[in-house]
Each structure stands twice: as C-alpha cells, then as structure tokens.
Protein chains: 2
Amino acid sequence: MATPPENSANPNSREKILDVAEALFARQGFAGISMSDIALRVGLGKSSLFHHFSGKLELYAEVCERVLDRIGERVRPALEGSGDAPERLDVAIGLLCDTLAEHPNTARLLLRALVENELFPEADREQLEAANRAVAELVGALTTVLREGVQTGAFREVSLPDATQTVIGAVVLHFASGEVGEAILGEPIFSTKAVARRKREVTDFIHCALVQHSKLEGS
Amino acid sequence: MATPPENSANPNSREKILDVAEALFARQGFAGISMSDIALRVGLGKSSLFHHFSGKLELYAEVCERVLDRIGERVRPALEGSGDAPERLDVAIGLLCDTLAEHPNTARLLLRALVENELFPEADREQLEAANRAVAELVGALTTVLREGVQTGAFREVSLPDATQTVIGAVVLHFASGEVGEAILGEPIFSTKAVARRKREVTDFIHCALVQHSKLEGS
DNA sequence: GTCTATACGATGATAGAC
DNA sequence: GTCTATCATCGTATAGAC
C-alpha cells in the first residue's frame, strides 16, 4: 500500500515540497518566492530542493500542473457528463466552487495561469506546456457546454468566447480575492457558511444570465 | 500652460517613468520587475529613478494610484449619477470596459490590487494605503448601486457582497487574460471589434443575471 | 537631473562531504 | 537525500562627480 513506485529513498519530500511551494507561489507569485523561502518552510536545506527538481521553473510548473489536474478531475466529468447544458453548467460551477474552496491556493494559482503566461521568456515556455494544455482543455470543455446550450435554445444567443471568459471571471476571482474580498464580504471567504452561500449565488447569477427567460415552448 | 508647478527641472521624467513602470509592473508584477528593468526601458540610469521616487515600493504605489484614479474618475460618476439602478450599472460597466480597453495594463494592475494585497509585509502597507482606499471606494459605490436595485425591486434578491464580487470578476478578468484570453477569443482582446462586442456581451450578461424577469407590475 | 561607482544582501544553482 | 560550502549574478539603494 505504501510501496514507493521507484527506487528513490524518500519520495515523500517531493510532495511536501510541492505543498509548500503551492501555498507560497499562490500568494506571492513565481518571482516573489525564492527557493530558500520554500526550503525554509519545508524544513530542508536550499540545495535539497535541487535534488528533487531541476530548477525553480520546473518546481513551479509541477505545482501548476497538480493544481490544474485537481480542478480538471472534478470539473471536466461534470461538463462532459449527462443532462442538458444548463444542468451540466450548474453542476460544474458548483464543483469548481467546491474545489476552489477546499484549498485556498487553488484560485490564485489558476488566476495566475490564466493571466501571467507572458511572464516567462519564450525559451522557458515549454516547461509550462502541460499546465497551459490543462487550462486550454478546461476552457474548451466549458465553451462546449455553452455552445450546446445556445444551439438547443436553452441559453440566450451569446458570444461563446465572451461568455466563457465571463463565467470564469465570475467564479474564480472571488476565491482569489483575499483581504479585499474579505473586506467586501465582511467575513472570511473560506468559512463554510460563506462558501455555501457563494456557491448558490454564483450558480444562480450565471444561470439567470444565460438561461432564456422569455423562452417559447416547443422544440 | 506648460508651467511646471514646482521648482524641479525636468518633471517630465516622472511621468515617463510612471508610464514604463505601469506597463512592466502590470505584466510582471511587483517582484518580477527590477528598477534596472524600468530604467533601461525609460532610457535612464538605474540611480536616476531613486531621485524621483524614494524606493521601489513608492514607485509601485504611485503607479497603482494613478491607474485606480483613472478608473475611478470615469466609473464613479456613472455609479453615483442619475437614473435607476439598472441604468447606472449598465453605463458604469460600459465605462469600465472602455477604460480597461484604452490602456491594456489597467485590468492587470487592478486585478493585482484586488488579489495581491498580502504580498507586502505589514510594515510597508501604509505606502499602499491610497491605492487600497481607492479600491474600497470603487467597490463600495458598486455595492451601493446593487443595493438600491434590490431595494427597489429592479434586481433579484441577491447577496450584495457576492454580487459585487461576481460583477467585478466578470468584467475585469477578461481584459487581464492576455494570451489565454486571445486563444479563447481567436482574435486580439483589444481590437476595436472585440472590445465593442465585449462591452455589449458583459453588460447584457450582468443585466440578465440581475434584472428581475418575472417582475410583477406595480410599485 | 543624470551619471559612474560602489556597497552589500539575496538570489539561483553547483560541488562535494556525509 | 541531505547537508555545508561556494559561485556568479542580480537585487535595492547610496555617495558623489558633472
């Protein structure tokens, strides 16, 4: 059960490093965190990190991948599942909220992945390929649901790319908004009460925004 | 007309520095940009920046202030203007889109101001006070419009803080989404065509999300 | 107001002992 | 796998000439 898959001695350090790096990168960004910062919080020497990851960028890339996979695993099945488009969208948004709420770093890292691509010079982009692909697939799955909803007449006739962007912004920003968000809410963002309300509110918001209200009955 | 207000010799450098710093900070973040980077692009020596700004943080704070003032000047009058809540909200969203579209850095910097507050240690927060106050005032004005809309029955009964967060995310993220956004759109984000469509689409989206559709006539 | 020179700590990364 | 050096580089910031 606890058998390490490979011949390395302490494969647990990798995950501990990834956990710490995820938290720090999420709040301070790639440039804002040093390898020493991470090592210090893990309880290792700085050099030890380089034994597990070939460099800072590779560590960052793996952190992003892990986060995006975590989201994709839960949200994509819902987007691609059964039911009509509005149902699938509602469920997917709820699951995305759950995922973003369970780990406070996720939304920030996702935001960075969406917004901070050109931070890295051309030469290094290849290392982030997997993360970028994960983003593209998630976004694509969302657009597909929206397209189906429009085609079946369940949704208003919206611009698909714009609606995709709007939905993402509406859901994700809140969970990344930190202190400003708490000031707006007047309570912690990640309290179970606030999360439950948030889930209901965004889902309703987006549902109302898209679902055709003056819909004529018939096919 | 071109009289410098003070006794300094070349007050134009300040603005040139602020322009360059705004562009660089927006794309790379505070930690991602060095004073040398900025100086190089301005065409000055690194040390000259310290003659205009007491340090990196002060420069960053002034950049943020300028951007937030730029937004506030156009959007707040609309939020606090005349007309009923849905009208004012529509107009304000349109103006926010215009402002974010006119200068491609604005949205990113606004996002950072919303999301990256705790990046700075307690000791340095005071320098960002003005920027934080500007954010709070803008957000407050938005919430006030939403509150009025709900009270008059024009809007659905939504959670005000959640709706505020949702609206901001829906509008702002798009203009900050850079390469990923362009991949979604299939065209440049800031082309006049894309901006015009975007403006229409978000305004409609939010309008539909909030305005009561099964509204009963009467007071 | 801008420059050159410089101080000096922190950074990413490597080499090699244990 | 982890550590202790160590390196070259780059970071912010200052001092002082022009």
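Lettering of chains follows the sequences in order, A, B, ..., and the numbering in each one begins at 1.
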- For the pair made of CZ in B/F30 and C1' in D/dG11, what is the distance, rounded to whole Å? 11 Å
- Residue list, side-chain hydrogen bond (donor to acceptor under 3.5 Å, both in side chains) with A/E80, at least two apart or on another chain: A/R76
- Task: Give a yes or no on whether A/E102 atom CD has more than 12 heavy-atom contacts from other residues, nucleotides or ligands under 6.0 Å away.
- Result: yes
- Message: Between P on C/dG12 and CZ on A/F120, what's the gap in Å once rounded to a whole number?
- Response: 13 Å
- Whole-Å distance, B/F53 CZ to D/dT12 P, equals 15 Å
- Task: Measure the distance from CD on B/E58 to C1' on D/dA13 and round it to the nearest whole Å.
- Result: 14 Å
- Item | Atom-to-atom span, CG of B/D124 to C1' of D/dT12 - whole angstrom | 13 Å
- Query: Please give, in whole Å, the distance from C/dT11 C1' to A/K56 NZ?
  - Reply: 8 Å
- Query: How long is the line joining CG of B/L57 and C1' of D/dG11, in whole Å?
  - Reply: 15 Å
- Item | Set of residues satisfying ring-ring contact (aromatic ring centres under 6.0 Å, His included) with respect to A/Y60, sequence neighbours excluded | A/F25, A/F30, A/F120
- Message: Let's see if you get this right: which residues in residues 32-51 of chain B place a heavy atom under 4.0 Å from DNA chain D?
- Response: B/I33, B/S34, B/M35, B/S36, B/K46, B/S47, B/F50
- Those residues at least two apart in sequence (or on a different chain) that pass side-chain hydrogen bond (donor to acceptor under 3.5 Å, both in side chains) with A/T99 are none
- Excluding sequence neighbours, so at least two apart, what forms side-chain hydrogen bond (donor to acceptor under 3.5 Å, both in side chains) with A/R147? none
- Results of salt bridge (charged side-chain N to carboxylate O under 4.0 Å, His left out) for B/R197 - residues two or more places apart only: A/D162, B/E187
